[in-house]
Amino acid sequence: MKRQVLFGLTIMLVFFFIGGLYIVFSIGGATRQLENAVMMHSVADFNNEILNNIRRLQSDLQLLGRPQGVSSATVSLHADALLESLTLSDGQRSPESMLQQQDALHKSITVYTENIAALLQTEYGSDGFERAKADILMHGDMLAHAIEAVTMTGNKRLTGHAEHLLQGLSRINNFIVFMVVIGPLSIWLLTAFFLQRFTGSVHVLVEAAKVLKGGQLDYRIDGGLKHEFKELADSFNSMSSKLKKERDELQSVRQLYQTLFESAGEGILILDLSFGRIVSANQAAAAMHGYSVAEMQDLNIADLNSGGGCDERLQYALDGPWAEYEVERRKKDGSCFLAEVSVGLLDLGNEKYALAFTRDITQRKKEESELQRANQMALVGEMAAGLAHEIKNPLAGIKVSLEVLADELTLSEEDQELFSRVINETNRVEKLLKGLLSYARPPKLQLEMFDLNKLLDNSIKNIFITGRSSSRLGVDIERSYAENLPPIEADSAQLQQVLLNIFLNAIEVMDTGGRIFVSTRYHQDNTVKISIADTGKGISASEPSDIFQPFYTTKSKGTGLGLAICKRIIEEHGGRIGAAGNRFGGATFTIILPLTHQLQDVYDDKKRSDSAA
């Protein structure tokens, strides 16, 4: 296309250049012809004036020397006029074709005037005067005929020059008219031709650009374009293909990141750095705070903080490094939980946001606290076990020695009571040491399959025996056992120890009698639930979490290890135990145990795996 445009423009420029040269040379030739015509006309005018002066001198010469003729002064004056006109004609330019004739005439006229001047010096009437006069008259007639011939020839030439000049000017005029008409028309036609091809190609490209702008990256420009426009169309098609490929890759990456964002287990928040507004939140973050994703986008980070206000540590994200900290968050229902937040800068070019990862660490903190407490208790247990072992044997010797002395010595009633009190306190210390050893070093579980309902009945029989010996009368026990309860795999001896401890505690708190409600239930998750409720004095709001702690007791002579040992035994079985107040005003102890120990091991492994994930 570019070559065609340059070729067309070159042809037009050459055409106009040649036409211009023709006009310039034609006008130059016409100008020269016009100059020659002007010069010939001027020569003719001067020749006519010279001819008139010669004729007047000829007339004067014919009358010279006669009585009534002219004077020599008049002849001399007219001769001077002829010389003056001759001098003026010598200063006038003449065509080259007439220069030789004009020079000959001028020389002859000069001779003619000189002869007249000589004649005027001759005496009138003499033979020499008449002969000279006759010669001068003949010479003058010859000059007059020569000038007339030259003038006639010049007029003819002038007429021919004029006709030729008019013809040339007519040709120039016609050519100029041709150039004025054909030149713009050819320019218009050439421009229209290239414009049509140019605009057609540009229109195809513009339409393709509009289609591309509309997102149709599969569109391609078909054939039909040529030259540079074809190259541009090929580049356009290549660009569309690359854009489509990059868009598909971008959509894949965006879908991947969207999937990761939505399915992430951690809560992810994108925040406006200036105002703390939540720009985007994933499902985990919404569920963590008790909102829907749409509700989260209408909130500010201050609405989620327990203390209110925007966390100033978010501003650290502006400096680039990531910040990690713990903060108390508030849910939609008003409850709070402890969260671990990792926040950093999310730079999206012209937009900058804070990217915050949020994890609910309430359970982790609880587990860490329990692990720390377990480690502490393990250490205390080891120390207590060692200490109890060292104290047990000397204490046994002291007890035996006191019993021997009490039997052999004759003591007063007061001293006997003192010995009895010391022996009782020694028994109490020995009992405390045995409980401490049982808690610190629990025996290995001896698992067997048995009927839980029967184990409860046997425990209740033992309770009545212990209760009568303890003078705890007036206590009724109501049973509500699940029918067809599957056998349970557990250590029956340790489990009976747990049940006896709970029953005895219930009887002890009911000084004036009461009732104990015992029930069993089967759950679909392969667990059984044992509930033991009493009508005693109950427990305070803070006691449910304290009564299972070692050495915690409300009894004046209690060791505080009974329920701690129960809790440890139940947990060794993979179960859990809890206590709470009930509608009777007493306390309800709940024990949940797996049917089989192996199933609980699988359950614990899954729980630990989920917690780690």
Side-chain angles (χ1 to χ4, degrees), residues 428 431-432 434-435 438-439 442-443 445 450-482 485 488 490-521 527-540 543-544 546-573 575-593:
R428 183 170 174 271
K431 183 179 180 182
L432 176 63
K434 287 181 180 180
S438 297
Y439 181 76
L445 296 179
F450 58 89
D451 189 338
L452 181 61
N453 291 338
K454 289 183 178 180
L455 182 66
L456 282 168
D457 286 337
N458 292 333
S459 299
I460 291 172
K461 290 178 182 179
N462 293 333
I463 288 170
F464 278 114
I465 298 174
T466 306
R468 289 194 187 94
S469 65
S470 304
S471 301
R472 302 298 183 187
L473 303 176
V475 176
D476 296 328
I477 298 179
E478 296 184 9
R479 301 173 179 85
S480 178
Y481 296 154
L485 188 69
I488 185 173
D491 189 323
S492 59
Q494 292 194 34
L495 193 56
Q496 189 171 35
Q497 179 184 350
V498 173
L499 296 173
L500 285 173
N501 195 304
I502 295 174
F503 281 131
L504 289 174
N505 284 342
I507 292 173
E508 287 180 1
V509 297
M510 295 187 292
D511 296 331
T512 59
R515 288 183 296 176
I516 298 176
F517 304 91
V518 183
S519 66
T520 59
R521 295 289 183 272
T527 60
V528 293
K529 177 182 178 181
I530 306 170
S531 294
I532 303 174
D534 60 57
T535 59
K537 62 182 180 181
I539 57 178
S540 63
E543 281 186 313
D546 295 333
I547 60 177
F548 296 103
Q549 297 295 328
F551 308 111
Y552 178 83
T553 181
T554 58
K555 304 175 184 178
S556 60
K557 294 185 179 181
T559 63
L561 289 173
L563 289 178
I565 293 173
C566 292
K567 183 175 185 294
R568 184 154 191 172
I569 290 173
I570 296 300
E571 289 178 348
E572 287 287 331
H573 280 79
R576 57 185 185 274
I577 184 172
N582 58 37
R583 59 189 178 88
F584 307 112
T588 299
F589 284 82
T590 303
I591 300 173
I592 297 178
L593 291 169

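Because the structure is a prediction, the values reported are computed rather than measured. Along the sequence shown, the residues carry numbers beginning at 1.
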- Nearest heavy-atom approach of Ile577 to Ile570 is N-CG2, 4.1 Å

- Task: For Phe584, check ring pair (Phe, Tyr, Trp, His ring centres under 6.0 Å) against everything at least two apart and list the hits.
- Result: Phe517

- Query: Looking at CD of Glu508 and CG of Asp534, how far apart are the two atoms once the value is rounded to the nearest 0.5 Å?
  - Reply: 11.5 Å

- Query: Hey, what do you get for OH (Tyr481) to NZ (Lys454), rounding to the nearest 0.5 Å?
  - Reply: 12.5 Å

- Distance, nearest 0.5 Å, that separates CD1 of Ile488 from CG of Leu452: 5.5 Å

- Item | Option passing side-chain contact (heavy atoms from CB on, under 4.5 Å) with Leu495 (candidates Leu500, Leu456, Leu593, Ile569) | Leu593

- Task: Heavy atoms only: give me the nearest Arg521-Ala482 pair and the separation to one decimal.
- Result: CA-CB, 4.1 Å

- Query: Mind checking what makes salt bridge (charged side-chain N to carboxylate O under 4.0 Å, His left out) contact with Asp457, not counting sequence neighbours?
  - Reply: Arg479

- Run the salt-bridge test on Glu478 and Arg515 with the 4.0 Å N-O cut-off and return the result as yes or no. yes

- Nearest heavy-atom neighbours spanning Ser492 and Leu455: O-CD1, 4.0 Å

- Task: Answer whether the closest heavy-atom distance between the side chains of Val528 and Ile592 falls below 4.5 Å.
- Result: no

- For Ser459, all residues meeting side chain to side chain donor-acceptor pair (under 3.5 Å), sequence neighbours excluded: none

- Message: What I'd like to find out is whether the side chain of Asn501 reaches to under 4.5 Å of the side chain of Leu563, using heavy atoms alone.
- Response: yes

- Do the side chains of Asn505 and Phe589 get nearer than 4.5 Å, heavy atoms only? no

- Side-chain heavy atoms of Met510 within contact of Val475, under 4.5 Å: yes

- Nearest 0.5 Å, what's the SG-CD1 distance between Cys566 and Ile591? 7.5 Å

- Message: Nearest 0.5 angstrom please: Glu572 CD to Lys567 NZ, how far?
- Response: 11.0 Å

- Task: Find out whether His573 and Asp491 are in side-chain contact, i.e. whether some heavy atom of one side chain is under 4.5 Å from a heavy atom of the other.
- Result: yes

- Looking at side-chain heavy atoms only, is the closest gap between Ile532 and Thr588 below 4.5 Å? no

- Are Ile516 and Thr535 side-chain neighbours, meaning at least one heavy-atom pair lies under 4.5 Å? no

